[in-house]
Amino acid sequence: MGLRLYNTLTRQKEPFEPIDADNVRMYVCGPTVYDFAHIGNARPVIVFDVLYRLLRHLYGADHVTYVRNITDVDDKINERAARDYPALPLNEAIGKVTQETAAQYHKDVAALGCLPPTHEPRATEHIAGMREIIERLVQTGFAYVAEGHVLFSPAAMDSAGGMIPRYGALANRSLDEMIAGARVDVAPYKREATDFVLWKPSKEDEPGWPSPCGIASLGRPGWHIECSAMSKHFLGETFDIHGGGIDLVFPHHENEVAQSCCAHRTARMANVFMHNGFLQVEGQKMSKSLGNFITIDELLSSTKFGGRRWSGEVLRLAMLKTHYRQPIDWTVKALEEAEGILDEWSEVTKGVAATTPSAALLDALSDDLNASMAIAELHRLRKQGDAPGLRAGMDLFGIQPIMPAVGELTEDERREIDQLVSANTAARAVKDYAKADEIRNMLNARKIILKVAKDGTTRWAMKP
RNA sequence: GGCCUCGUGGCGGAAUGGUUACGCAGCGGACUGCAAAUCCGUGUAUUCCGGUUCGAUUCCGGACGAGGCCUCCA
């Protein structure tokens, strides 16, 4: 069975046909680097990493180009920089914030088992490309200059006709509905309430670049234009897959489509748009005010969630247990269950070389990334004792075997435990059960459990 | 207010116009000095009310409930 993907553009699953099978091209919206990435941010990164691995498997590792940007120009960054480094000049402070946050992000997603994308461009490296698109949009009447701003006109897009899509086609809403919505920011320089900013003027202490369209003052780009510029640069005017969180459908992706299709006179920016569902924490929306806001780093290295640390592999498996388009409830219980499964898989696959992924596994993932069904197949492989097959499946998922909590013990502690376990085995061999039980209780008190196999060999593990 | 998504067992979570995967927990058994671990077996579910249909959990309408977008939050 070939790859089928759910396309937000058409609201249905479609067979995936790459524009060029020698170079399958995917763009995923990356982070705006102003703060630690939270666990909700991790979902698209993990989901599209699995898709990236699947595409590499299907089309060859050298035939997939994956671009995930870093947005390093944004007013939230400016605010954060001013707050955190009040003594520094703003631009210097911004540099510190974006460098530090990007480094933390790389650390986080690596711990989650995500491959680096083929290209990871920064918005500030592509200002010239943005200016070029903006110039073209103004020249062709899709955008206009007003008080140092450049604004895009969805109304102009809708009257353009030809192959250019209707504004709102992706989000499935009409311009009339949006005007009726009436919560659009109305600025005096806008011709229509639905017009959005492509470029805006910068104050002297704000980051600024030479403006397009003959605007004299320095300025900076609006939110959506960076993705249009960077995707064009690396993937061309039309590419295969564009991904991100479902909240990006509108306005972000809708506006990207508008900018790109109008600038390039194309029918589609990307053939397939994919969006992952939202994440809740213990049944509630994650928000700072509810106090359930949790970052990737906190899960990995603090005891804030569930009173303990979690490995990146466990976080990844927990994330993939739910289909990517469904809402996911992030709970301690779900992480514990994922860890239990991973412990079991790890035990049988440690040091085992992978074969190729089973056909059933590929079929499951090829059906719009049905990871739940794929995981069921991994359970089946384990049950059948097919360790190499299981390992191959785990590789496709990007999940490595873990060292159960044992990794947190020091070498000395582990040696001591090994000795106690040997003493327990020896005591049982001579039927000195009092002594054996005493040792076992002592180990249990230290959260060590003994696992005696049928052949008498004894292994041990940390209780979660 | 407008638009959209979702509602499956004790829990998590797939699939489907016709015996409802899989996992966790539970229960029973094997094994064990006793436990644990492991293995085998096993019960339980499609929110409610209408409609279409030989047949609906699936399709359509409504109710109730949860969530999202319309605010530069993935």
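Treat the numbers as computed from the prediction; the structure is a model and nothing was measured. Below, each value reflects all heavy atoms present in this structure, side chains not excepted, and no hydrogens, waters or symmetry copies. Below, read A as the first sequence line, B as the second, and so on, with proteins coming before strands; counting in each chain starts at 1.
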Quiz item: Is A:Arg173 positioned over the aromatic face of A:Phe250, cation under 6.0 angstrom from the ring centre and no more than 45 degrees off axis?
Solution: yes

Quiz prompt | Over-ring placement of A:Arg4 relative to A:Phe16, 6.0 Å and 45° cut-offs | solution = no

Run the salt-bridge test on [X] and [Y] with the 4.0 Å N-O cut-off and return the result as yes or no.
| X | Y | value |
| --- | --- | --- |
| A:Lys200 | A:Glu147 | no |
| A:Asp75 | A:Arg80 | no |
| A:Glu339 | A:Arg308 | yes |

Take atom [atom1] of [X] and atom [atom2] of [N], then tell me their distance rounded to the nearest Å.
| X | N | atom1 | atom2 | value |
| --- | --- | --- | --- | --- |
| A:Tyr324 | B:U5 | OH | P | 15 Å |
| A:Asp247 | B:U5 | CG | C1' | 14 Å |
| A:Asn370 | B:U16 | CG | C1' | 13 Å |
| A:Tyr6 | B:C6 | OH | P | 8 Å |
| A:Lys321 | B:C24 | NZ | C1' | 7 Å |
| A:Phe250 | B:G2 | CZ | C1' | 12 Å |
| A:His252 | B:U71 | NE2 | C1' | 16 Å |
| A:Leu378 | B:C24 | CG | P | 13 Å |

Using the [atom1] atoms only, state how far [M] lies from [N], rounded to an integer number of Å.
| N | M | atom1 | answer |
| --- | --- | --- | --- |
| B:C31 | B:U20 | P | 34 Å |
| B:G65 | B:U57 | P | 23 Å |
| B:G23 | B:C59 | P | 27 Å |
| B:G26 | B:A35 | P | 16 Å |
| B:A63 | B:U71 | P | 27 Å |
| B:C22 | B:A37 | C1' | 22 Å |
| B:G62 | B:C70 | C1' | 26 Å |
| B:C27 | B:U32 | P | 22 Å |

Quiz prompt | B/S/- contact track for nucleotides 29-47 of chain B, protein heavy atom under 4.0 Å | solution = ----BBBBB-S--------

Counting side-chain heavy atoms from C-beta on, which of [options] comes nearest to [X]?
| X | options | value |
| --- | --- | --- |
| A:Ile341 | B:G23, B:G2, B:A74 | B:G23 |
| A:Pro251 | B:C70, B:C24, B:A74 | B:C70 |
| A:His379 | B:C72, B:C22, B:A21 | B:C22 |
| A:Lys333 | B:G23, B:C70, B:C11 | B:C11 |

Practice problem: Determine if A:Phe278 stacks with B:A74; use a centre-to-centre distance below 5.5 Å and an interplanar angle below 30° as the criteria. | Solution: yes

Quiz item: Which of parallel (below 30°), tilted (30 to 60°) and perpendicular (above 60°) describes A:His38 and A:Phe293?
Solution: perpendicular

Practice problem: Can you label the angle between the A:Tyr167 ring and the A:Phe152 ring as parallel, tilted or perpendicular, going by 30° and 60°? | Solution: tilted

Under 4.0 Å, counting only non-hydrogen atoms across every strand here, what does [X] touch: a base, just sugar-phosphate, or nothing?
| X | result |
| --- | --- |
| A:Gly244 | sugar-phosphate |
| A:Glu377 | nothing |
| A:Gln326 | sugar-phosphate |
| A:Ile375 | nothing |
| A:His275 | nothing |
| A:Arg43 | nothing |

Quiz item: Quick one: is B:C22 close enough that its OP1 or OP2 comes under 4.0 Å of any side-chain N or O from A:Ser372?
Solution: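 The answer is no; no side-chain N or O of A:Ser372 sits under 4.0 Å from OP1 or OP2.
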
Using Watson-Crick or G-U wobble geometry with both distances under 3.5 Å, which nucleotide pairs with [N]?
| N | result |
| --- | --- |
| B:G1 | B:C70 |
| B:C54 | B:G18 |
| B:C64 | B:G7 |
| B:G26 | B:U42 |

Quiz item: Can the ring centroids of A:His253 and A:His224 be said to lie less than 6.0 angstrom from one another?
Solution: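 Centroid distance A:His253-A:His224: not below 6.0 Å, so no.
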
Quiz item: Using a distance-only test with no angle check, is there a side-chain donor-acceptor pair under 3.5 angstrom linking A:Glu14 and A:Asn7?
Solution: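 Side chains of A:Glu14 and A:Asn7: pair found under 3.5 Å.
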
Using a 3.5 Å cut-off and no angle test, enumerate the donor-acceptor pairs between side-chain atoms of residues 433-443 of chain A and protein atoms at least two apart in sequence or in another chain.
{"residue": "A:Asn441", "atom": "ND2", "partner": "A:Asp437", "partner atom": "O", "Å": "3.3"}

